[in-house]
Protein chains: 2
Amino acid sequence: MNAKPAHASDQPTRAQDMERPRPLTTVDVVIFTVLDGELKVLLVQRPQTEGEPFPGRWALPGGYVDVARDTNLLACARRKLKEKTGIASPYLEQLGSWGSRDRDPRGWSATHVYFALVPGADLKPMKGGNAADVRWAPVRTTSGQPGMAFDHGEILEAAVARLLSKVEYTSLPAYLLPEPFTLPQLQRMYEVILDRPVDKSGFRTRTLAADFLEEVGQVEGDANRLALAYKMRDRDRVVVFPRTFSPRG
Amino acid sequence: MNAKPAHASDQPTRAQDMERPRPLTTVDVVIFTVLDGELKVLLVQRPQTEGEPFPGRWALPGGYVDVARDTNLLACARRKLKEKTGIASPYLEQLGSWGSRDRDPRGWSATHVYFALVPGADLKPMKGGNAADVRWAPVRTTSGQPGMAFDHGEILEAAVARLLSKVEYTSLPAYLLPEPFTLPQLQRMYEVILDRPVDKSGFRTRTLAADFLEEVGQVEGDANRLALAYKMRDRDRVVVFPRTFSPRG
DNA sequence: TAAATAGTGTCTCTCAGACATTATGAG
DNA sequence: CTCATAATGTCTGAGAGACACTATTTA
C-alpha cells in the first residue's frame, strides 16, 4: 500500500501548515459532588437559539478554547470551572479527549475533557441569575441514559467509570468534603460513591496507615460524641493505596 | 476584561463560532517496544528545512489531524502508527492531551497523544528509504533528558510513567511479544520494563490465575527443553490484576 | 442511664513472596 | 550424564475482612 513516503503528510511545509483546515477545539469539565448523600454531576442546558446544535439538550459545562485568554488547556478548564461553581482550587485532572468528524454538526471538532471533584458544602447557591439552565443531576439515573448533547453521554460514562475505579484505591473522596472533616464522614463519601457499605475498622486502619491526613483538633461529629477532625496533608498529592477496598468475593 | 456574564463566552452565537481563531490540532504517538532486551521508543528527527520549528531535534512521530481523511482521533493515531511501523493492530490507548499558547512557535496548539506497544520481532527493518531520520531510542537514557522538540520530553516522561505504573498490575507486556510466546518470555518483558527480577513461581501463579492466556501447544523455549506456548484470549481486553507485583518492602 | 455514634481489639484465612525441588530435552 | 531452562511444590508472614467490644458525649 501507499506509494508516497510515510512522512510526507506528517511534516508538511510551513505554507501548508497555516492553510490546513483546523478542527474546532473545546474544553469540557465533568464536575462531581456529593449532595444530599448522593453523587451528582453538573449539567448545563444548551440554548434554544436558532441554529445552535442540540437545542435544549443537557450538556457538560465547557466551551471553546480562547486563544487570547487561555495560556493552556488546564487554565482553560480552571476558568470554566470557576465560572460555573465559583470554586478556585478543586481537584482537577485530565480525563481524556474526544474528537471526530461528526460529534459536532458544525464540523470536525475535538474536546479536551477534565474531571473535577468539589465539596458539596462549598457550592454557591447555584451561581448568578440563570439557575434554570444549570442543574446538579444525580449520576446514577443520568449516566448511561440517552439524550445528552454531542457525545457527552459517552464522556460522562467514561468519567463515572474513572471515578468508581479510582475511588477503590485512592484518596480521591477527600476532595468531596470541606475541611476539616471526620473519618466517619470520609467513610460515607466512599460508601456513597461505591454504593456499598465499607467496614469501619478496616477503613480507619487503611486510611490512617496511608498517612495523608493530619489531625486538626476535634469537631462535632454526626452524633453527640465529638470526633477527631482531619485535613489533607497535601492537597496536590493524591494518595494511592497499595490494595483495593473490595470485599471478599 | 470581562464585565460580561460568564456563560457568554461558553455559548457564543453561531456566527462567532466559525470566526473564532482555532488552535492547531495534532496527534502524536508514543510507540514502545523491547529490542535487544531493552525498552525503546520510536523517535523521528525534525526536518532541517528553513522555517520549521525545532530543526534537527528528535520528536515523537505524529502530525496534523487531516479533517478530510481522519474520521476520529483514534483513526488518526492508527494511521500514523501504520505509516511508521507497518503494524496495523497493536496495543493503542490514549495517554492525554497537551495544549498551550507556547508549545509550538507557530501558535496556540494542542496535541492528542496516544500510547502504543508493538512486538519487537514484528518490526519492519526500519521502513522505507529514510532510515536516517527515524530511530529506536533506549528509553532509560532518553526519557528525562532535555533537547527534544516541542514539549515532547515532558510527554515522553508521562508515557514512561504510565507504562511503568500499568505494568505493575496489568497484562500490558503481553503486547510486546509476538504470539505465541512462553511464560518465561513474558516474565522477561516484565523484568525488562520494571528493571528488576520477578519471582518465577509467583509470576506463573498470578499470570495463569488471571486467566487471560490460552495454551496453544508447545514451542522451543530459550533452552533445550520445550515450553508451553500461549496467546492472549482476547487482545482487545487488558487484564487488571487484583494486586501489584511489588516485592516486600 | 439510654441512645447514638466514635473509635479499638481480635481472630481468621487468604495469598504474595521466597526458596527448594522436580521435569524435560539437547548434546 | 550433564547442563540449562521449564515447571511445580512448600513454608511463612503480612494484612484485609469480619465482627465484637469499649469510649464519649448529650439528653
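By convention in this document, chain letters (A, B, ...) are assigned in the order of the sequence lines, proteins followed by strands, and residues within each chain are numbered from 1.
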>> Nearest whole Å is fine: how far is dT5(D) P from Leu228(B) CG?
In response: 18 Å

>> Between Glu168(A) and Lys166(A) (salt bridge meaning N to carboxylate O under 4.0 Å), is one present in this structure?
In response: no

>> What verdict does the side chain to side chain contact (heavy atoms under 4.5 Å, CB included) test give for His152(B) and Ile155(B), after you've listed the backbone C-alpha separation in whole Å, the side-chain angles of each residue and the deciding distance to 0.1 Å?
In response: CA-CA 5 Å; His152(B) 287 190; Ile155(B) 294 174; 4.0 Å; yes

>> Testing the 3.5 Å rule here: is there a donor-acceptor pair between the side chains of Ser97(B) and His112(A)?
In response: yes

>> Tell me the interatomic distance from Asp199(A), atom CG, to dC11(C), atom P, rounded to whole angstroms.
In response: 16 Å

> Would Tyr114(B) and Val27(B) count as a side chain to side chain contact (heavy atoms under 4.5 Å, CB included) if you check the C-alpha gap in whole Å, the side-chain angles of each, and the deciding distance to 0.1 Å?
Replying inline: CA-CA 8 Å; Tyr114(B) 284 75; Val27(B) 168; 4.1 Å; yes

> Could you state the CG-P distance from Leu208(B) to dG9(D), rounded to the nearest angstrom?
Replying inline: 13 Å

>> Walk along nucleotides 20-25 of chain C from 5' to 3' and tag each nucleotide B, S or - by protein heavy-atom contact under 4.0 Å, base first, then sugar-phosphate.
In response: ---BBB

> Considering only heavy atoms, which members of residues 180-189 of chain B lie under 4.0 Å from some atom of DNA chain D?
Replying inline: Pro184(B), Arg188(B)

> Is a salt bridge present between Glu93(A) and Arg162(A), judged by a nitrogen-to-oxygen distance below 4.0 Å?
Replying inline: yes

>> Looking only at the aromatic ring of each residue, does the gap between the centers of Tyr190(A) and Phe203(A) stay below 6.0 angstrom?
In response: yes

>> Less than 6.0 angstrom from the centroid, inside 45 degrees of the normal: does Arg135(B) satisfy that with respect to the ring of Trp58(B)?
In response: yes

>> From CD of Glu220(A) over to P of dA4(C), roughly how many Å is that when rounded to an integer?
In response: 18 Å

> Tell me: OH of Tyr190(A) to P of dA16(D), nearest whole Å?
Replying inline: 14 Å

>> Applying side chain to side chain contact (heavy atoms under 4.5 Å, CB included) to Val29(B) and Val113(B), what does each step give before you reach the verdict?
In response: CA-CA 6 Å; Val29(B) 190; Val113(B) 184; over 6 Å; no

> Which whole-number value in Å describes the distance from Tyr230(B) OH to dA6(D) P?
Replying inline: 12 Å

